[in-house]
Amino acid sequence: MQKKLFSILALLLTAVLFVGCNTSEKTGDADAEQNEPSDTGAEQQPSDNETPDESQEPEENVDTPVTNDTEEDGTNGQSQQDVNYVQNGEDKTETAAEANSVDQGYKLQQLPGFTLTQEEPGKDMLVSNEDDEVFMRIEAIDASQSSFANVKTTMQDYMNAVGETVALSADELAAFKDVQNIEGYVVDFDTEKVIGVVFEKDGLITKITIHDNDKQDLTDAMLNMAATISKK
């Protein structure tokens, strides 16, 4: 009887120990699972103060435009000379700058207030900036390509077509120095006039046609510029 009691107590103790050990293992496993770091798969985002290198755009290398503070004086280093003329009864002197024809073989001293442009091949226009109806047409021909007589004939034909011509005097053509040949005519209207001159100098035969009016009165200025025409 006593042996059976000890046997029952031993079985109960064994059962209690088994249950206690099993409970401890489960509790340990649960704690281990709680302590393991969770892997969410989410990437760590940079803080506001950190910028990934890929998001930084490279600085552009901007070229600073080079500026030239030196202003041209309009003469381009070419020669200048004073030109005297009379306008509306007043004596004037202005500094002219050398200008070159685009396709003709001449150069001249150009007064301020005028623009030299090409009208067509073989013909240039020196136009007043104040009145484009006041101008001087210039045709320069190499003396080896024609003769003074032929060019004079074409000038006379044009002037006769314009109106009744009057020959210019030696005084009116005094601006032209060292010329081999020269001849000129004028057609006077009420407030306008047309002047035609042909002259030979330095291997050039030059024909000029001036259109002027009483208001501008730039005939003498244009004749004095024409007198500076020379071969390039």
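For the residue pair G122 and D103, the shortest heavy atom distance occurs at N-OD2, 3.3 Å. Heavy-atom minimum distance, V102 versus Q118: CG1-OE1, 4.4 Å. The two residues V134 and M222 make their nearest non-hydrogen contact at CG1-CE, 3.7 Å. Y185 and Q156 get closest at one heavy-atom pair: OH-NE2, 2.8 Å. In terms of heavy atoms, A175 sits closest to A227 at O-CB, 3.3 Å.
Annotation: E120, atom CD; neighbour count of heavy atoms from other residues, nucleotides and ligands within 6.0 Å is above 12. Other residues, nucleotides and ligands contribute at most 12 non-hydrogen atoms within 6.0 Å of the CG atom of D190. Environment of NZ in K92: crowded, with over 12 heavy atoms of neighbouring residues, nucleotides or ligands closer than 6.0 Å. Atom CD of Q180 is surrounded by more than 12 heavy atoms from other residues, nucleotides or ligands within 6.0 Å.
With hydrogens and angles left out, the side-chain atoms of S169 and E172 include a donor and acceptor closer than 3.5 Å. No side-chain donor from either of T95 and Q80 sits under 3.5 Å from a side-chain acceptor of the other. Looking only at atom types and distance, the side chain of T191 has no donor-acceptor partner in the side chain of N213 under 3.5 Å away. Defined by atom type and a distance below 3.5 Å, a donor-acceptor pair is present between the side-chain atoms of N150 and S147. With hydrogens and angles left out, the side-chain atoms of D82 and T93 include no donor and acceptor closer than 3.5 Å.
To the nearest 0.5 angstrom, I138 atom CD1 is 6.0 Å from L116 atom CG. The structure places OG of S146 at 12.5 Å from NZ of K152, a figure rounded to the nearest 0.5 Å.
The shortest distance between side-chain heavy atoms of L173 and E183 does not fall below 4.5 Å. Between T115 and N129 there is a side-chain heavy-atom pair separated by less than 4.5 Å. Looking at heavy atoms from C-beta onward, D214 lies out of side-chain contact with E192 at the 4.5 angstrom threshold. Using a 4.5 Å cut-off on side-chain heavy atoms (C-beta onward), V187 and K193 make no contact. Between T209 and V194, some side-chain heavy-atom pair lies under the 4.5 Å cut-off. Taking 4.5 Å as the limit, every side-chain heavy atom of T206 sits out of range of all side-chain heavy atoms of E139.
Side-chain atoms of D212 come within 3.5 Å of backbone N or O of L218 as a donor-acceptor pair. A donor-acceptor pair is defined here as one N or O able to donate and one able to accept, closer than 3.5 Å; such a pair exists between the side chain of Q87 and the backbone of Q216. At distances below 3.5 Å, at least one donor-acceptor pair connects side-chain atoms of D220 with backbone N or O atoms of V86.
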Task: Derivation of the side-chain contact (heavy atoms from CB on, under 4.5 Å) call for E94 and N84 - done: CA-CA 7 Å; E94 289 189 285; N84 303 314; over 6 Å; no
Task: CA sep, side-chain torsions, deciding dist, call: D142, S144, side chain to side chain donor-acceptor pair (under 3.5 Å) - done: CA-CA 5 Å; D142 193 283; S144 63; 2.5 Å; yes
Task: Trace of the side-chain contact (heavy atoms from CB on, under 4.5 Å) decision for M225 with Y85 - done: CA-CA 9 Å; M225 283 189 285; Y85 64 96; over 6 Å; no
- [ ] Please step through side-chain contact (heavy atoms from CB on, under 4.5 Å) for the pair I195 and L168, ending with a clear verdict.
- [x] CA-CA 9 Å; I195 296 98; L168 295 175; 3.7 Å; yes
Open item on the list: Pair I208, L223 - check side-chain contact (heavy atoms from CB on, under 4.5 Å), show working.
Closed with: CA-CA 9 Å; I208 63 169; L223 286 173; 4.1 Å; yes
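Every pair passing ring-ring contact (aromatic ring centres under 6.0 Å, His included) that includes a residue from residues 109-138 is listed here, sequence neighbours excluded: F135-H211. The list of ring-ring contact (aromatic ring centres under 6.0 Å, His included) pairs with a residue in residues 137-163, not counting sequence neighbours, is empty.
If you chain together hydrophobic residues whose side chains sit under 4.5 Å apart, F189 and V186 never meet in one group. Both V151 and M159 sit in one connected hydrophobic cluster of ILVMFWY residues. Membership requires side-chain heavy atoms under 4.5 Å apart, directly or through other members. When hydrophobic clusters are built by joining Ile, Leu, Val, Met, Phe, Trp and Tyr residues whose side-chain heavy atoms come closer than 4.5 Å, directly or via intermediates, I210 is grouped together with V166.
With sequence neighbours excluded, the residues forming a side-chain hydrogen bond (donor to acceptor under 3.5 Å, both in side chains) with D124 are S101, Q104, Y106, listed by chain and number. Under the side-chain hydrogen bond (donor to acceptor under 3.5 Å, both in side chains) criterion, E119 pairs with R137, not counting sequence neighbours. By the side chain to side chain contact (heavy atoms under 4.5 Å, CB included) test, A96 is found to be paired with V83, Q109, L111, residues two or more places apart in sequence or in another chain being considered.
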Identify every side-chain donor-acceptor pair in residues 196-204 under 3.5 Å, counting partners at least two apart or on other chains, and give the distances.
unit_1 : atom_1 : unit_2 : atom_2 : d
E200   : OE1    : N181   : ND2    : 3.0
K201   : NZ     : K177   : O      : 3.4

